[in-house]
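The structure displayed is predicted, hence computed values, not measured ones. Naming convention: chains lettered A, B, ... in sequence-line order (proteins, then strands); numbering from 1 in each chain.
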Protein chains: 4
Amino acid sequence: MEAAYRVISEKGYHRTRIEDIAQETGMAQGLFYRYFENKKDVFSQIIDMVIARISEGVMADAPGTSGTLEEYAEQMKRGLDNLFDILVEDPFISKLLFHEAQGIDEEMSRKAQKALDLFADFSSFYIKDGIAKGFLRPDIEIRETAYAFNAVVFEGARRIALSKDKGKAKKSWTKAILDLMIEGTAAPQAQK
Amino acid sequence: MEAAYRVISEKGYHRTRIEDIAQETGMAQGLFYRYFENKKDVFSQIIDMVIARISEGVMADAPGTSGTLEEYAEQMKRGLDNLFDILVEDPFISKLLFHEAQGIDEEMSRKAQKALDLFADFSSFYIKDGIAKGFLRPDIEIRETAYAFNAVVFEGARRIALSKDKGKAKKSWTKAILDLMIEGTAAPQAQK
Amino acid sequence: MEAAYRVISEKGYHRTRIEDIAQETGMAQGLFYRYFENKKDVFSQIIDMVIARISEGVMADAPGTSGTLEEYAEQMKRGLDNLFDILVEDPFISKLLFHEAQGIDEEMSRKAQKALDLFADFSSFYIKDGIAKGFLRPDIEIRETAYAFNAVVFEGARRIALSKDKGKAKKSWTKAILDLMIEGTAAPQAQK
Amino acid sequence: MEAAYRVISEKGYHRTRIEDIAQETGMAQGLFYRYFENKKDVFSQIIDMVIARISEGVMADAPGTSGTLEEYAEQMKRGLDNLFDILVEDPFISKLLFHEAQGIDEEMSRKAQKALDLFADFSSFYIKDGIAKGFLRPDIEIRETAYAFNAVVFEGARRIALSKDKGKAKKSWTKAILDLMIEGTAAPQAQK
DNA sequence: TATGAATGAGATTTCATTCAT
DNA sequence: AATGAATGAAATCTCATTCAT
C-alpha cells in the first residue's frame with residue numbers, strides 16, 4: 001500500500017503498472033492480487049487512507065474558544081498553517097483528490113467528491129461558528145464560501161509545493177487567504 | 001477536432017479510443033492520423049483551442065474605466081458573469097485544464113499550467129488596476145490573490161455546472177466571490 | 001472461424017489459446033477480437049454453426065412415406081447412415097456437444113443441451129410417426145426412447161471414429177442400433 | 001480427496017482451483033501437495049475411486065441364475081435399478097467419465113475410456129450369457145450392443161438426475177431401456 | 001483523401017506450484 | 001504435518017498505430 005502510494009503519487013494512476021508497484025516492494029506481481037482486488041482497488045483504498053489521514057490532521061482542533069475577531073483569525077491562521085503543512089509535505093493529496101480521481105471512474109470521482117464535501121462541511125462549521133459569534137457577516141453564502149475556501153487552500157498548497165522558497169510561499173499564501181477571508185481586498189478608505 | 005473534443009469531454013482522455021473519435025465523425029480510424037500526429041496530439045490541440053476560446057471570451061472587456069469602488073465591483077461582477085457563462089456552458093473547460101491535463105504527460109501538465117498562469121496574469125492585471133486606483137489595499141499579495149481568485153472561479157463554475165438550479169447557483173457563487181474579494185467575511189462591527 | 005474450429009476440435013477448448021487460433025490463420029492475435037467478443041464467443045458461435053450444419057444434414061429427409069415396417073426400417077437405416085456419415089467424418093461434432101460444452105459455462109451447457117433436445121425432438125417425431133402407422137408399439141416411452149436413440153447414435157459415431165476399420169464398424173453399429181430399435185435383442189423362440 | 005471430489009463435481013475440473021479444494025477441507029493450499037502430485041493427480045485418483053466404487057456396486061450381482069426370459073429380464077431390471085440408484089444419487093459419476101475426463105488430457109481420456117470399456121465388458125458378459133441360454137438372438141452385435149446399452153444407461157441416469165420427479169423418470173427410463181433391449185419397439189402385429 | 005483490416009506491444013489478471021517457517 | 005505468503009509463467013484482452021488498397 002505504501003509502495004503503491006509512492007509509485008502512483010509519482011507517476012500517476014494511468015502510467016503506473018502493477019509491476020511498478022510490485023517492483024517498488026520487491027515482490028512478484030502476482031502477490032499484488034492477494035492484497036488488492038485489482039488496480040482500481042488500490043487506488044480506492046489509497047483515497048480512503050488519504051481522507052482518513054487528512055481528516056485526522058485537520059479536524060483535530062475544533063473551533064469554539066475564540067473570544068474576539070483577532071482570536072478567531074488567529075485560530076484560522078493556525079488551522080491554515082496546519083493544513084498547509086500537511087498538504088505541502090505531501091502534495092499528492094491535493095493531486096489525488098482534485099486531479100487523479102477524475103480520470104478513472106465514476107466511482108472514484110464520487111469518492112473524491114465526497115471527501116472534498118467533507119472538508120467543506122468542516123469549513124462550513126467554522127464559518128457558522130464565526131457568524132454565531134458575530135465575527136462574520138450573517139449574510140454571506142456559507143456553503144459557497146466554504147467551497148471557495150477549500151479550493152483556495154488546495155490551490156495554495158499546490159502552488160507552495162511547486163515553488164522554490166516554500167517558507168516564503170507559505171507565508172504569502174497564508175496572508176493572501178486570511179486577507180481574503182477576513183477583510184477582503186478593498187482599501188479601508190474606499191469603504192463607505 | 002470538434003468530434004474529439006466532444007468525445008474526450010464526455011469520456012475523458014484515457015477512456016477515449018481513437019476509434020471512438022473516428023466513429024463520432026463517421027470517418028475511418030486511419031484518417032485520424034492524417035490530421036493528428038497521435039493521440040496526445042489531439043489533446044494538445046484541444047487544450048490550445050480551449051485556451052484560445054476562453055482567452056478571447058474573457059479578455060475582451062479590459063478594466064480601466066471604473067471611477068469608484070462601486071463601479072469597480074460592478075465591472076468585476078460583469079467579468080465574473082461572463083466567465084461563469086462560458087465555464088458553465090462548457091464545464092469541460094475547467095475539467096480539461098484542472099483535471100484531465102494532469103494524468104497524461106509532463107508536457108500537457110505544463111501546457112495547462114501555462115494557461116492557468118495566463119488567467120492569473122489577467123486577474124493580476126485587474127488587481128493591480130484596483131490598487132493603482134486606490135480601490136484595493138496596496139499590501140495584498142497580488143499573485144497569490146490572483147491564483148486564489150482563479151481557483152475559486154473554476155471551482156464555482158464546476159459546482160454551478162453540477163447543481164440543479166443553475167441560475168440560483170450562479171447568483172450565490174457570484175455573491176460569495178464578490179463578497180470575499182471586496183469586503184471579506186468579517187462583520188463590520190467586529191472590525192476595529 | 002474455420003481455423004478456430006480446427007484448433008479447438010483438435011486440442012479442446014481449454015488447451016486452445018487465442019494465439020493458437022491466430023497462428024492457424026497466420027494473423028495476429030489482436031485481430032481475433034475484431035471477429036469475436038472473446039474466447040467464449042468463438043466457442044458459442046462454433047456450437048451454433050455445428051447445430052446448423054447437422055440440423056440441415058439430418059432433417060433433410062423427413063419420415064412419412066413408409067408403407068410397411070420394412071420400409072420404415074429401411075428409411076431409418078438410411079437416416080442412420082446419413083447421421084453416421086456426418087458424425088464420423090467430423091467426430092468433433094459429438095465431442096463438442098457431449099463433452100466440450102460442459103466444462104466451460106452454464107450458458108454453453110444449456111446451448112449444447114438445447115441442441116441435443118432438438119435432435120430428440122426430431123427422433124420423437126420419427127417414433128410418433130412409426131406409432132401412428134402401427135409399426136411401433138403404442139406403449140413405448142417416446143421421449144426416453146428418443147433420448148436413448150440419440151445417445152446410442154452419438155456413442156456409435158464416437159466409437160466408429162475411433163475404430164480402425166471404419167467401414168466395418170459402421171456396419172456393425174448400424175445393425176446393432178436397428179436391431180435394438182426395431183426388434184430388440186430377445187430371441188424369437190424365447191418370446192411367448 | 002472427498003473434498004476435491006465435492007468441489008470438482010460441483011464446479012468442474014477447470015473452474016476448480018487448488019485453493020477451493022483446500023478451503024473445502026479447511027486446510028492450507030500447500031498441504032494439498034503432500035497428498036497429491038499436482039492438480040491432475042487428484043483428478044486421476046478421483047476417477048480411480050469412482051471406478052472402484054461403481055464397479056463394486058454394479059458387479060456385485062452376477063448373472064447366471066435365470067431360467068427363463070422373464071427371469072432374465074427381471075434380473076436385468078434389478079441390475080438397471082441398481083445402476084440408476086447409484087448414478088442418480090451421484091450424477092457426477094456420469095459427468096466425470098463422460099464429460100470432464102475429456103477436456104483435460106490424453107491420459108485422463110484413456111482412463112475414463114478404460115472404465116467405460118470395463119462396463120461394456122460387464123454388459124457383454126451379461127449379453128453373452130443371454131445368448132448362451134437362448135434368451136437373446138445369437139446374431140446380435142455383442143460389443144456394440146453392450147456399448148449402446150451403457151450409453152443409454154448413462155444418458156438415462158443423467159436425465160433422471162435432471163428431472164423433477166425422479167421416481168417417475170426412473171420408471172420411464174427403466175421401461176424404455178428394457179423395452180429397447182428385450183423386445184425392441186416394433187409392434188407385434190407388424191412383425192412378420 | 002479515405003478505408004478499415006491488420007499488427008503487436010503491453011497491461012491486467014489468474015493460479016498451479018514452491019518454499020521458508 | 002501444516003501454513004499461507006510468495007512466485008512467475010502464462011493467458012486474455014486492449015488499442016494506438018501502420019499499411020495495403
*Of the candidate nucleotides E/dG4, E/dT13, E/dT17, which contains the atom at the shortest distance from the side chain of B/Ala28?*
E/dG4

*asked:* Output the rounded distance in Å from NZ (A/Lys40) to C1' (E/dT13).
replied: 15 Å

*Between C/Tyr13 and C/Asp105, do the side chains contain an N or O donor and an N or O acceptor separated by less than 3.5 Å?*
no

*Is any side-chain nitrogen or oxygen of B/Tyr33 closer than 4.0 Å to OP1 or OP2 of E/dA2?*
no

*Please figure out whether B/Gly30 or A/Tyr35 has its closest DNA chain F nucleotide nearer the 5' end.*
A/Tyr35

*asked:* Whole angstroms only, please: what is the NE2-C1' distance between D/His14 and E/dA16?
replied: 14 Å

*Would you say the base of F/dC13 and the side-chain of C/Gln29 have a donor-acceptor pair closer than 3.5 Å?*
yes

*Could you please name the option among F/dC15, E/dT13, F/dT7 that lies closest to any side-chain atom of A/Met27?*
F/dT7

*asked:* Reading DNA chain E from 5' onward, which residue's closest nucleotide shows up sooner: B/Phe32 or C/Gly26?
replied: B/Phe32

*asked:* Any strand counts, and the cut-off is 3.5 Å on both contacts for Watson-Crick or G-U wobble. Which nucleotide pairs with F/dA1?
replied: none

*Would you check if the side chain of C/Ser55 reaches a backbone N or O of C/Ile51 as a donor-acceptor pair within less than 3.5 Å?*
yes

*May I have the distance from C/Gln23 (atom CD) to E/dG8 (atom C1'), rounded to whole angstrom?*
13 Å

_Contact between C/Ile21 and C/Glu24 at the side-chain level, heavy atoms closer than 4.5 Å - yes or no?_
no

*Taking atom C1' of E/dT18 as reference, at what distance in whole Å does atom CD of D/Glu37 sit?*
14 Å

*For the residue pair C/Phe154 and C/Phe98, categorise the inter-ring angle as parallel (less than 30°), tilted (30 to 60°) or perpendicular (more than 60°).*
tilted

*Distance in angstrom units between D/Lys11 NZ and E/dT14 P, rounded*: 13 Å

*From E/dT17, E/dA2, F/dC15, nucleotide with atom closest to B/Arg17 side chain*: F/dC15

*In whole angstrom, give the distance that lies between atom CZ of C/Arg34 and atom C1' of F/dT17.*
13 Å

*Could you check how far CZ of A/Phe36 sits from P of F/dA6, rounded to whole Å?*
12 Å

*In terms of side-chain heavy atoms of D/Leu31, which of E/dT1, F/dT3, F/dA11 is nearest?*
F/dT3

*Using a heavy-atom cut-off of under 4.0 Å over every strand shown, decide if A/Thr25 touches base, sugar-phosphate, or nothing.*
nothing

*E/dA5 P sits how many Å from B/Ile18 CD1, rounded?*
17 Å

_Under 3.5 Å on both distances, the Watson-Crick or G-U partner of F/dA9_ = E/dT14

*Is it the case that D/Arg53 places NZ or CZ above or below the six-membered ring of D/Tyr5, under 6.0 angstrom from the centre and within 45 degrees of the axis?*
yes

*What nucleotide, of F/dC13, E/dT13, E/dA16, holds the atom closest to the side chain of C/Lys39?*
F/dC13

